[in-house]
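Throughout, protein chains are lettered first and strands after them, A, B, ... in sequence-line order, and every chain is numbered starting at 1.
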Amino acid sequence: MIVRILAEGQWDISEDHLTRLNELDAQVETAVEVGDEVTFSSTLAALLDEVRKGGSTLADDSLVDSDLILPPADATLAEVRELLNDDGLIPG
Amino acid sequence: MSLMKRISLIFRSKANRALDRAEDPRETLDYSYQRQIELLSKVRRGVADVATSRKRVELQANQLEQQSQKLHDQAQKALSMGREDLAREALTRKSGLVGQLNDLKAQQAQLQGEEEKLTLASQRLQAKVESFRTRKETIKATYTAAEAQTKINEAFSGISEEMGDVGMAVQRAEDKTAQMQARAGAIDELISSGALDDASQVGQGDDISRELEAMSSDSDVESELAALKAGSSGATAPPAIESTDSTPPAPEEPQSQRPQSQQQREEGPA
């Protein structure tokens, strides 16, 4: 499974890491929904760490799209909200 | 639905919309390649812009550092002259600078981080663009329009996700740099107007260095005067008009009866 951390690159993650990723992902998502900045930054950091630790980086010249995409490490809660809005941050 | 999944779907739908617009899918390849090249030069410009901002902040930090060192020296000098009030004022001004300096250092670190990230992004994009170009040529040479579709989709979605990512990174770096430039501009103005010196000034009073200068030229006069007095009391001692320190003239040597000008030449600078 290919996971991208925006502004960092792509990782190949084995399936057995997925459960932990999904747990953390759900926590980040809840934090975004309720607008809890503190939980948001700590869980996002944990989620990204899990990807970096548990995966192997893809070569720079690989051209594959990702199954999962994560916000950049320094993203704010507001930016993630905007990211989830189709007309938001991603240049067309 | 999962946050990670939602973001990836948004990226994918953007890529699909771009693909759908083309009549002959092979045209998409050339068009996309053009845009990749444009984006690549945009990222490189971004790296250069961030570097310029970082250097500007570094320069300002150096200026403030010098200013703060100067105030520290002044405080020391004032204290050695028994002017605790002046030393206190110098240190108060210095503490005003420290906040600004810490702020600048934080900005500098942030810009450095941005610069590194963009540099890496530009390297990744470059590698992917190169890989895309190779694949594009293969696809155009080997497949008919109908056959090419799947191959094109594969190549296209991979690069288009990268382009979305890099495009976003450049945009964010630009935003951050613009914010910092506004603050850097304000600090430049402060430095050039000298207002920073007064920003934390307590009470009234002369500028510290002017006062210290006045004090030290006073004490120079005193020490010269003392030297003169010492000179006139010893009958043969040469006057020490040129000397600016308070050390008494060197002990006389037997041949001190020579004309004075000659003796001064020989004793010259130590």
Nearest heavy-atom neighbours spanning [X] and [Y]:
| X | Y | value |
| --- | --- | --- |
| A:A7 | B:D165 | N-OD1, 2.8 Å |
| B:I10 | A:L84 | CD1-O, 3.3 Å |
| A:A75 | B:R172 | CA-NH2, 3.5 Å |

Distance in Å, [X] [atom1] paired with [Y] [atom2], rounded so as to fall on 0.5 Å steps:
| X | Y | atom1 | atom2 | value |
| --- | --- | --- | --- | --- |
| B:K5 | A:E29 | NZ | CD | 13.5 Å |
| A:L68 | B:L3 | CG | CG | 10.0 Å |
| A:L6 | B:E162 | CG | CD | 9.5 Å |
| B:E161 | A:D65 | CD | CG | 5.5 Å |

Under 4.5 Å from a heavy atom of chain A, the part of [X] involved:
| X | value |
| --- | --- |
| B:L120 | neither |
| B:E114 | side chain |
| B:E130 | neither |

**Message:** Would you say that more than 12 heavy atoms from the other residues, nucleotides or ligands in this model lie under 6.0 Å from the NZ of B:K151, or not?
**Reply:** no
**Message:** Quick check for you: among B:A121, B:S157, B:A155, B:A169, which has the greatest number of heavy-atom pairs under 4.5 Å with chain A?
**Reply:** B:S157
**Asked** Would you say the side chain of B:Q110 lies within less than 4.5 Å of the side chain of A:D74, judging by non-hydrogen atoms?
**Response** no
**Request:** For the pair B:K128 (side chain) and A:D60 (backbone), establish whether a donor and an acceptor sit closer than 3.5 Å, ignoring hydrogens and angles.
**Result:** yes
**Request:** Tell me, for A:E8 versus chain B, whether the close heavy atoms (under 4.5 Å) come from the side chain, the backbone, both or neither.
**Result:** backbone
**Item:** Of A:I69, A:I5, A:N22, A:D67, the residue whose pairing with B:M4 passes side-chain contact (heavy atoms from CB on, under 4.5 Å)
**Value:** A:N22
**Options A:A59, A:A26, A:S62, ranked by heavy-atom pairs under 4.5 Å with chain B, top entry** = A:S62
**Message:** Quick check for you: among A:L63, A:V3, A:L21, A:I2, which has the greatest number of heavy-atom pairs under 4.5 Å with chain B?
**Reply:** A:L63
